[in-house]
Novice: 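After the structure tokens below, expect a handful of questions from me.
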Amino acid sequence: MLPSRHRLRASEDFTATLRSRRGLRSGSATVVIHTTMTGTRAGCPPRVGFVVSKGVGNAVTRNLVKRRLRALLAQRISVLPAGGDFVVRANPAAAQASYAQLGADVDRVLNKLLPRLAAVDASGDSGQVS
RNA sequence: UGAGUCGACCGGACGGUCGCGUCGGUGCUCCGGCACCGCCGAGGAAAGUCCGGGCUCCACAGGGCAGGGUGGUGGCCAACAGCCACCCGGGGUGACCCGCGGGACAGUGCCACAGAAAACAGACCGCCGGCUUCGGCCGGUCAGGGUGAAACGGUGGUGUAAGAGACCACCAGCGAUCCGGGUGACCGGAUCGGCUCGGUAAACCCCACCCGGAGCAAGUCCAGACAGUGUGCGUUCGAGGGCGGCCCGCCCGAGUACACGGGUAGGACGCUGGAGGCGGCCGGCAACGGUCGCCCGAGAUGGAUGACCGUCAUCCGGGAACCGGCGACGGCGCCCGGUACACAGGACCCGGCUUACAGGUCGGCUCAUCCC
RNA sequence: GCCCCCGUGGCCCAACUGGCAGAGGCAGGCGACUUAAAAUCGCCAACGGUGCGGGUUCGAUUCCCGUCGGGGGCA
């Protein structure tokens with residue numbers, strides 16, 4: 001599914017992406033996607049991680065949601081810019097959503113997010129985003 | 001046939017197409033990995049974390065206090081707060097179910113309101129006797145009254161001024177002795193005694209028995225990074241530590257404690273074959289034990305099991321026959337439509353307990369009704 | 001993995017050793033002040049089986065057991 005060079009694993013990378021001042025965020029009823037471009041990883045393949053909290057459901061439903069999100073992001077890995085870190089956070093509503101609904105939500109959020117990310121990336125290397 | 005009760009068990013199967021994880025093989029590689037093939041890949045509760053162990057370290061696991069746990073008896077078990085059998089008490093017509101089920105003459109506390117009085121004796125109304133200034137006072141008494149969850153045995157009689165276990169008979173309860181049964185809890189019976197002395201220990205407590213502490217982020221090894229400064233105490237007159245609350249005892253011991261500052265948190269082992277499962281035989285009422293044979297291929301680390309299709313099975317609803325029987329009813333099997341669905345995922349491993357759960361299978365027993 | 005705490009009116013929360021469930025605040029209604037409103041002051045009632053199930057007790061928010069939900073701490 002998701003090759004391991006595209007996977008975000010380390011806890012520090014998660015907190016960096018979620019808490020970064022330079023990060024961007026956009027969401028829907030089911031998912032929220034955080035992203036950041038770290039200058040140190042310029043040119044490297046984009047990485048994706050997932051956060052599914054206990055609020056979403058028990059272990060079975062959490063695994064189901066994670067499995068679906070991994071499959072969705074694996075299909076869309078080619079549209080993500082190099083050097084970007086993405087964290088997909090699932091809301092409790094994601095437990096009830098179908099695979100098609102989740103896919104539509106992910107597409108809508110990415111369509112809002114990617115142009116802003118490209119604009120920020122092109123606007124300068126200073127990293128001042130506000 | 002209906003209602004009920006108890007126990008055991010299953011938790012879809014087979015085939016196909018996609019998809020996921022570890023391991024192995026082959027090929028490619030920009031050495032990060034990628035592609036293909038093959039084997040294997042969660043549960044009855046894997047859950048909650050309520051108990052008990054194994055294992056590892058803390059000195060060899062030591063003593064006392066504190067603290068915690070258990071609580072009818074006998075047995076089983078590695079151990080337990082678990083299991084089995086029995087006893088006692090309560091519930092049910094019954095099968096059966098429920099019980100934190102030691103001690104209230106070791107001591108302390110509490111028992112609101114009501115009531116005269118709430119624990120050891122006392123006496124409000126009343127009853128009886130005496131006195132009276134007719135308002136009551138003194139004495140006797142607790143049968144009757146009312147309160148309460150609970151009021152100092154119950155019924156009948158003797159007795160008396162009125163009464164009372166004051167006395168008598170029977171009953172209930174308590175205690176002692178003896179006899180019989182049982183390993184025991186306890187049960188059955190006889191005699192005698194004083195006539196009887198509330199409840200609460202899931203209040204403190206007492207008694208008996210049990211418990212050292214931590215937890216796989218235990219622990220072991222490898223690799224790697226960094227920078228010290230200040231203050232206190234101290235080197236056989238011993239700081240500090242092992243040691244989890246305290247004391248003792250034992251051991252280590254030349255550095256150590258605190259503050260500020262700095263660095264790291266990468267990998268491997270531990271890691272799965274064990275109080276393991278199934279079957280036969282033997283012992284035991286049973287839990288369980290013994291023995292023989294066979295069978296056991298998850299070990300992840302941002303953390304892997306799902307989706308769809310077909311067939312079968314199952315169940316539900318409806319329909320039409322046939323066979324057996326006097327009958328209540330039973331049996332066989334066909335057609336049509338619908339239907340694979342709950343609770344839920346390992347993270348060191350076991351034994352239990354508790355809780356969640358669609359649908360279903362099998363068996364024991366009880367009660368009621370009907371038929372012969 | 002280990003260990004704690006909480007659950008009571010619509011909301012935040014009291015109720016001490018078991019004994020009449022509400023002290024207080026916010027919110028609500030009425031009145032006063034104001035031209036009107038806010039703020040302030042006074043008065044008012046309504047609303048509950050103490051998260052759920054069971055037990056001990058005469059009696060449970062309180063004690064015990066189980067369970068559900070929420071929150072927190074340590075490694």
Side-chain angles (χ1 to χ4, degrees):
Chain A
M1 50 177 219
L2 213 50
S4 72
R5 68 178 177 315
H6 289 305
R7 298 184 64 181
L8 200 61
R9 291 195 135 98
S11 185
E12 302 89 82
D13 294 337
F14 274 86
T15 53
T17 306
L18 292 172
R19 302 265 170 79
S20 170
R21 287 164 174 266
R22 306 170 51 191
L24 294 175
R25 185 184 65 188
S26 183
S28 71
T30 55
V31 294
V32 178
I33 298 181
H34 298 256
T35 183
T36 186
M37 300 285 284
T38 49
T40 56
R41 294 191 68 255
C44 296
R47 297 187 300 177
V48 182
F50 302 91
V51 173
V52 183
S53 79
K54 280 190 177 177
V56 175
N58 60 21
V60 172
T61 58
R62 289 203 305 274
N63 280 345
L64 174 66
V65 169
K66 269 191 279 188
R67 202 158 55 232
R68 284 173 166 170
L69 289 176
R70 263 201 293 270
L72 287 167
L73 271 296
Q75 290 168 4
R76 290 157 178 77
I77 197 72
S78 57
V79 305
L80 300 180
D85 282 345
F86 296 84
V87 170
V88 182
R89 192 155 54 81
N91 283 335
Q96 276 78 37
S98 68
Y99 182 71
Q101 284 175 290
L102 267 183
D105 279 354
V106 167
D107 281 337
R108 195 161 59 243
V109 172
L110 283 180
N111 286 336
K112 283 192 286 185
L113 204 55
L114 291 181
R116 290 168 57 196
L117 188 62
V120 168
D121 199 31
S123 72
D125 48 353
S126 65
Q128 298 295 330
V129 178
S130 59

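Lettering follows sequence order; numbering is per chain, from 1.
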Novice: When the nearest nucleotide of RNA chain B is assigned to A/V52 and to A/T61 on a heavy-atom basis, which residue is associated with the more 5' position?
Specialist: A/V52
Novice: How far, in whole Å, is B/A66 from C/G53 if one measures between their C1' atoms?
Specialist: 37 Å
Novice: On RNA chain B, check which nucleotide each of A/G49 and A/N58 is closest to and give me the residue with the more 5' one.
Specialist: A/G49
Novice: Within a reach of under 6.0 Å around CZ of A/R68, are more than 12 heavy atoms found that belong to other residues, nucleotides or ligands?
Specialist: yes
Novice: Please work out whether B/G363 sits syn or anti, treating a glycosidic angle within 90° of 0 as syn.
Specialist: anti
Novice: With rounding to whole Å, what would you report as the distance between B/A358 and B/U314 at their C1' atoms?
Specialist: 13 Å
Novice: Could you tell me the Watson-Crick or G-U partner of B/A304, where both distances fall under 3.5 Å? Say none if there is no partner.
Specialist: none
Novice: Could you give the distance separating B/G290 and B/C367 at their P atoms, to the nearest angstrom?
Specialist: 42 Å
Novice: With rounding to the closest Å, how many angstrom separate the P atoms on B/C341 and B/G360?
Specialist: 15 Å
Novice: Rounded to the Å, how far apart are A/Y99 OH and B/C308 P?
Specialist: 14 Å
Novice: Which listed nucleotide (B/G302, B/G345, B/U305) is nearest to the side chain of A/R67?
Specialist: B/U305
Novice: Closer than 3.5 angstrom, by distance alone: can the side chain of A/N91 be matched with the main-chain N or O of A/A93 as a donor-acceptor pair?
Specialist: no
Novice: Measure from the side chain of A/V60, starting at C-beta and using heavy atoms only, and say which of B/G302, B/G346, B/A344 lies closest.
Specialist: B/A344
Novice: On a whole-Å scale, what distance lies between the C1' atoms belonging to C/C11 and C/A60?
Specialist: 27 Å
Novice: Does A/H34 reach the main-chain N or O of A/R25 with its side chain, forming a donor-acceptor pair under 3.5 Å?
Specialist: no
Novice: Under a 3.5 Å cut-off for both contacts, is B/U1 paired Watson-Crick or G-U wobble with anything, and if yes, with which nucleotide?
Specialist: B/A368
Novice: Tell me which nucleotide, if any, is Watson-Crick or G-U wobble paired with B/A203 when both distances must be under 3.5 Å.
Specialist: B/U108
Novice: For B/C127 and B/A161, measure between their C1' atoms and round to the nearest Å.
Specialist: 11 Å
Novice: With syn defined as a glycosidic angle within 90° of 0 and anti as everything else, classify B/G72.
Specialist: anti
Novice: side-chain contact (heavy atoms from CB on, under 4.5 Å), that's the test. Do A/L80 and A/L110 meet it? Break it down for me.
Specialist: CA-CA 9 Å; A/L80 300 180; A/L110 283 180; 4.1 Å; yes
Novice: Can you tell me the Watson-Crick or wobble partner of C/C74, both distances under 3.5 angstrom?
Specialist: C/G1
Novice: How long is the line joining NE2 of A/H34 and P of B/G302, in whole Å?
Specialist: 20 Å
Novice: Between A/Q75 (CD) and B/C18 (P), how many Å, whole number?
Specialist: 17 Å
Novice: Output the rounded distance in Å from CG (A/L64) to C1' (B/G19).
Specialist: 13 Å
Novice: Report the base-pairing partner of B/A114 (Watson-Crick or G-U wobble, both distances below 3.5 angstrom), or none.
Specialist: none
Novice: Taking atom P of B/C343 as reference, at what distance in whole Å does atom CG of A/N63 sit?
Specialist: 16 Å
Novice: Please give the nucleotide sitting opposite B/G24 as a Watson-Crick or G-U wobble pair, both distances under 3.5 Å, or none.
Specialist: B/C37
Novice: Under a 3.5 Å cut-off for both distances, is B/A13 Watson-Crick or wobble paired, and to whom?
Specialist: B/U311
Novice: With rounding to whole Å, what would you report as the distance between B/A185 and B/G101 at their C1' atoms?
Specialist: 11 Å
Novice: Can you confirm whether A/D107 sits close enough to A/R76 that some side-chain heavy atom of one is under 4.5 Å from a side-chain heavy atom of the other?
Specialist: yes
Novice: Whom does B/C86 pair with, Watson-Crick or G-U wobble, provided both distances fall under 3.5 Å?
Specialist: B/G72
Novice: Do side-chain atoms of A/R116 reach the backbone of A/K112 as a donor and acceptor pair under 3.5 angstrom?
Specialist: no
Novice: Using atom P of each nucleotide, how far apart are B/C207 and B/A45 to the nearest Å?
Specialist: 43 Å
Novice: Could you state the interatomic distance from CZ (A/F86) to CG (A/L114), rounded to the nearest 0.5 Å?
Specialist: 6.0 Å
